[in-house]
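Accompanying notes for the structure given below.
Both counts, for ligands and for their atoms, begin at 1 and track the order of listing. These numbers come from a predicted model, not from an experiment. What's counted below: heavy atoms across the whole structure, side chains too, no hydrogens, waters or symmetry copies.
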Amino acid sequence: MTTENQAVVTIKINNQIGSISINYAPVNALSQAVRAGLINALVSLEDNDEVKVIIIGCEGRTFIAGADIKEFGKPPSEPFLPDVVNRIEACTKPVIASMFGTSLGGGFEVALACHYRVSLNQAKVGLPEVNLGLIPGAGGTQRLMRIVGPEQALEMITSGKHVAASKLANSDLFDLLIDSDLEQHTTAFAEGLMAKGELRPARVGDRTINTSNFDWSTAKSLVAKKAKGKQAPLVAFDVLEKTQQLSIKDGMAYEREQFLILRDSQQSAALRHAFAAEKQAAKLSIEATATNVEFVGIIGGGNMGSGIATAFLSSGFKVQLIEQTADALSAGLERIENNFMNNLKRGRMSQQQVDKYLANLTGDTDYQTLAECDLILEAVFENIDVKKELFNKVEQVCKPEAVLATNTSYLDINDIAKTMKRPEQLVGLHFFSPANIMKLLEVVKADQTSDAAIATAMALGKKLRKISVLVGVCFGFAGNRMYTRYGREIQQMLLEGATVEQIDNALTDWGMAMGPLAVQDLSGIDIGHNARSAQPFPEHDKGYFRAAATMVNAGRLGRKTNAGFYQYSDGKKESAPQVESLLREKANELAIKQQTFTDEMIVHRALFALIAEGLALLKAGIVQRTSDIDVIWLHGYGFPRYKGGPMFQAKQMGEQIVVGKLTELRAEFGEDIWPEYTFGEL
Ligand code: 3HC
């Protein structure tokens, strides 16, 4: 073993048991040094006559959590993981995996190649490779199918879900499941093998697979339905089906071949980018200590406030809800209770959890009851004067160190801060609706917001299990500002001759979770229209949300009037021929040039609108880094994760294409709509 390997993989021999310990923070990923160290350690213990049984375990927070993702972009270096796991299985002495934390991907594959598995009940296992656009590449498909059968293996591999070890107690996966004292139990298990003389390893690879009762064709359509544009689950299915009768050697060869193809795919690059971007988004360039938050005051019990309260309660916080009147308060409290009842009904929570969380909820109409809160957040009507007055009242009663937060989506937080005594305590916490479900949280830093308030807000986001992204103040912050630009382009295309269905279908076929016009109908076309109409429509922009204005003027407000961009009968969406004539009339009136759109043109226009606005945000310093924009779009607006995000798409296309396309659009529609940005902004 080299010195480096010695540091990450060590061995110890005690009473004929050889223990291999991996110590490679943070998650014991299988870097080259770990792979090499593991093989060397195994061979040295196998060659040592004193050793009868070998245990593979880990230091730190978890058993091996997978291949080292950081190595994926680099040329592969020996020893390769399939050789490592095969060497473990081939060992002439029994090898026991001692599992805790999360044994994932290559880590689970190492465990599957061991001859025995001892695990904590609460530990999790899984083959999450599909989440990175991959399939297991080191025997995972082969050994898991041999142990748990094709049905369960297919479910675990194509969903990528982490499964609690206790949930797999009925399968052959674990030889011993315990609640605590893993090391002692694994040692006792090894001693038991020696006492019984069971020292000939039984190898999973030698087993055959019983697939006689399995209906592959039904399973295939299920996998295809759930894949929603992702390639990896379909490839995983193909590998399992094609290799069911093959030897482990041939099965692993086919699995590896498909793994390597996927590793070089666009989808895998995008999904790996998404994983890394999420980790990056949580990192701050400031050094400040977050204050401890346990008791949260929420002002406003409408849909947003009650959703936010539900999110806080579900993460163990105490919540005080404030409303203006007793009636409004009881309606707000009821909304929160309903959210929990919904969780219960859908099996997301047990009655015990619901009771526990709701016991932390209180409410009042008196601001004085906010005096002990560590954080006070407002989620009231979007009116700047109302919010200014509210914070004025809050500052009279709150603790001096309390962090104050606004959930505004569009208002100028700097303007709100101007009228405050402690503007440094004010931060934006922009939740997305429904706040108890949506993952995204924009943490908004105003000019005077202190580093400590930001650190507190970001730490809160983590506790709430949200994906938090730090952004600066501008109209709509990062997400909604880009969404407005995207919406504007969709509206312009409608007037240029693209139909409602064509736009929605082109974008959903491309991978967007919903068509933008169906979304408009769902949220109500009048809502955005009324907000926009507070100011005159821009003179220079003929297409600026004129299609939406046309719908509103015709009384077509969306689903709530059974007529919007679509029409609805019994809640079913249908195309609306009248909309087409209304739009053509409007286009005629505005003298908008007509053209025939292809799906590709629609996707490109929408995507380039996002890219252009993203470049504007970067130039204005509204986001910390390019990848933060992608995180926002992946988690707030249904952008397909396997496409990485709008800015990732731009990078993939490269400077020449992006600059060329933006120049083309500028020439056609003018620089007010397509201003000049440089690719360097990326
Ligand atoms: N390789 C390298 N680094 C990894 C890693 C991996 N497989 N998994 C996690 N990390 C890093 C993270 O980037 C993060 O680094 P940072 O502190 O510098 O930001 C750190 O470990 C901690 O990660 P989290 O913040 O995510 O910690 P959590 O405790 O919330 O979650 C986890 C831990 C469940 C292990 C989660 O990180 C995770 O799901 N990781 C991905 C696991 C995975 O996909 N494994 C399969 C890899 S593919 C494979 O094995 C192919 C094989 O079949 C050949």
Side-chain angles (χ1 to χ4, degrees), residues 8 22 24-35 38 58 60-74 76-77 79-86 88 99-113 122-144 153 156-164 232 235-236 239 251-253 255-265 267-269 271-284 439 458-459 461-468 625 627 631 641:
V8 292
I22 300 169
Y24 184 55
V27 295
N28 292 313
L30 289 155
S31 66
Q32 191 279 337
V34 172
R35 297 194 302 274
L38 196 47
C58 288
R61 62 204 250 197
T62 181
F63 191 76
I64 309 163
D68 191 343
I69 295 173
K70 288 189 233 77
E71 285 185 358
F72 279 172
K74 302 178 188 160
S77 53
F80 302 127
L81 193 54
D83 300 329
V84 176
V85 295
N86 286 341
I88 293 171
M99 300 159 75
F100 66 105
T102 42
S103 308
L104 302 174
F108 191 30
E109 289 173 305
V110 165
L112 291 169
Q122 64 273 29
K124 292 198 168 157
V125 298
L127 292 171
E129 284 87 344
V130 288
N131 298 329
L132 298 172
L134 301 167
I135 58 165
T141 61
Q142 304 302 298
R143 293 197 173 89
L144 189 62
M156 284 179 72
I157 294 166
T158 57
S159 74
K161 283 189 187 145
H162 306 175
V163 185
V235 176
V239 168
M252 275 183 74
E255 174 199 75
R256 187 72 181 169
E257 180 192 303
Q258 296 302 310
F259 169 83
L260 292 175
I261 294 173
L262 285 175
R263 201 184 59 180
D264 293 336
S265 69
Q267 283 205 357
S268 180
L271 288 161
R272 273 155 28 211
H273 164 77
F275 179 82
E278 283 162 7
K279 306 282 159 228
Q280 277 296 104
K283 299 200 166 111
L284 295 175
K439 279 270 179 213
M458 292 294 282
K462 189 161 188 189
K463 271 200 196 161
L464 290 168
R465 297 182 295 275
K466 300 281 179 204
I467 307 270
S468 313
R625 50 183 90 80
S627 59
V631 172
R641 193 175 170 85

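- Checked against a 3.5 angstrom limit, the closest N/O atoms of R61 and ligand 1 fall inside it.
- Using a 4.5 Å heavy-atom threshold, the side chains of L30 and D68 count as separate.
- There is no protein heavy atom closer than 4.0 angstrom to atom 36 (C) of ligand 1.
- The atoms of ligand 1 that sit less than 4.0 Å from any heavy atom of G105 are 46 (C), 50 (O).
- Residues R143 and E255 are not paired through a salt bridge, judged by the lack of any N-O separation under 4.0 Å between the basic side chain and the carboxylate.
- Near L104, meaning under 4.0 Å from any of its heavy atoms, are these atoms of ligand 1: 34 (C), 39 (O), 42 (C).
- Near A67, with a cut-off below 4.0 Å to any heavy atom, the atoms of ligand 1 are 1 (N), 6 (C), 7 (N), 47 (C), 49 (C), 50 (O), 51 (C).
- The nearest non-hydrogen atom to atom 26 (O) of ligand 1, considering only K279, R465, E129, R256, comes from K279.
- Contact annotation: the side chain of Q32 approaches that of P79 to within less than 4.5 Å [non-hydrogen atoms, C-beta and beyond].
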Inset, instruction - Could you please spell out the steps behind the side-chain contact (heavy atoms from CB on, under 4.5 Å) verdict for V239 and Q142? - result: CA-CA 9 Å; V239 168; Q142 304 302 298; 4.2 Å; yes

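- Counting only heavy atoms of the protein, atom 40 (N) of ligand 1 lies nearest to F275 CZ, 3.6 Å.
- R256 pairs by the side-chain hydrogen bond (donor to acceptor under 3.5 Å, both in side chains) definition with nothing, not counting sequence neighbours.
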Inset, instruction - Could you please spell out the steps behind the side-chain contact (heavy atoms from CB on, under 4.5 Å) verdict for N28 and V34? - result: CA-CA 8 Å; N28 292 313; V34 172; over 6 Å; no

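- Taking the side-chain hydrogen bond (donor to acceptor under 3.5 Å, both in side chains) definition, one finds that R272 meets it with S268, sequence neighbours left out.
- For ligand 1 and K283, the ligand atoms under 4.0 Å from any heavy atom of the residue are 16 (P), 18 (O), 19 (O).
- Here the heavy atom of the protein found nearest to atom 2 (C) of ligand 1 is D68 OD1, 3.2 Å.
- For ligand 1, the atoms closer than 4.0 angstrom to any heavy atom of G66 are 45 (N), 50 (O).
- Annotation for ligand 1: atoms under 4.0 Å from non-hydrogen atoms of E109 are 52 (C), 53 (O), 54 (C).
- When each of L127, N131, L132 is tested with E129 by the rule side chain to side chain contact (heavy atoms under 4.5 Å, CB included), just one qualifies, namely L127.
- At least one donor-acceptor pair closer than 3.5 Å links the side chain of T62 to the backbone N or O of T102.
- Residue P136 places no N or O, backbone or side chain, under 3.5 Å from any N or O of ligand 1.
- Contacts between V27 and ligand 1, counted as non-hydrogen atom pairs separated by less than 4.0 Å, involve the side chain only.
- Of the heavy atoms in L132, only side-chain atoms (C-beta onward) come closer than 4.0 Å to ligand 1.
- The protein non-hydrogen atom at the shortest distance from atom 45 (N) of ligand 1 is A65 O, 3.0 Å.
- Using a 4.0 Å cut-off between a side-chain N of Lys or Arg and a carboxylate O of Asp or Glu, R35 and E71 qualify as a salt bridge.
- A donor-acceptor distance shorter than 3.5 angstrom exists from the side chain of K439 to the backbone of R465, with no hydrogens or angles considered.
- Atom 1 (N) of ligand 1 has as its closest protein heavy atom I69 N, 3.0 Å.
- An N or O contact shorter than 3.5 Å is missing between A29 and ligand 1 by distance.
- At the shortest separation from atom 3 (N) of ligand 1 among protein heavy atoms lies K70 NZ, 4.0 Å.
- At least one N or O atom of G137 sits closer than 3.5 Å to an N or O atom of ligand 1.
- With contacts defined as side-chain heavy-atom distances shorter than 4.5 Å, the pair Q280/V631 does not qualify.
- At least one heavy atom of P26 sits closer than 4.0 Å to an atom of ligand 1.
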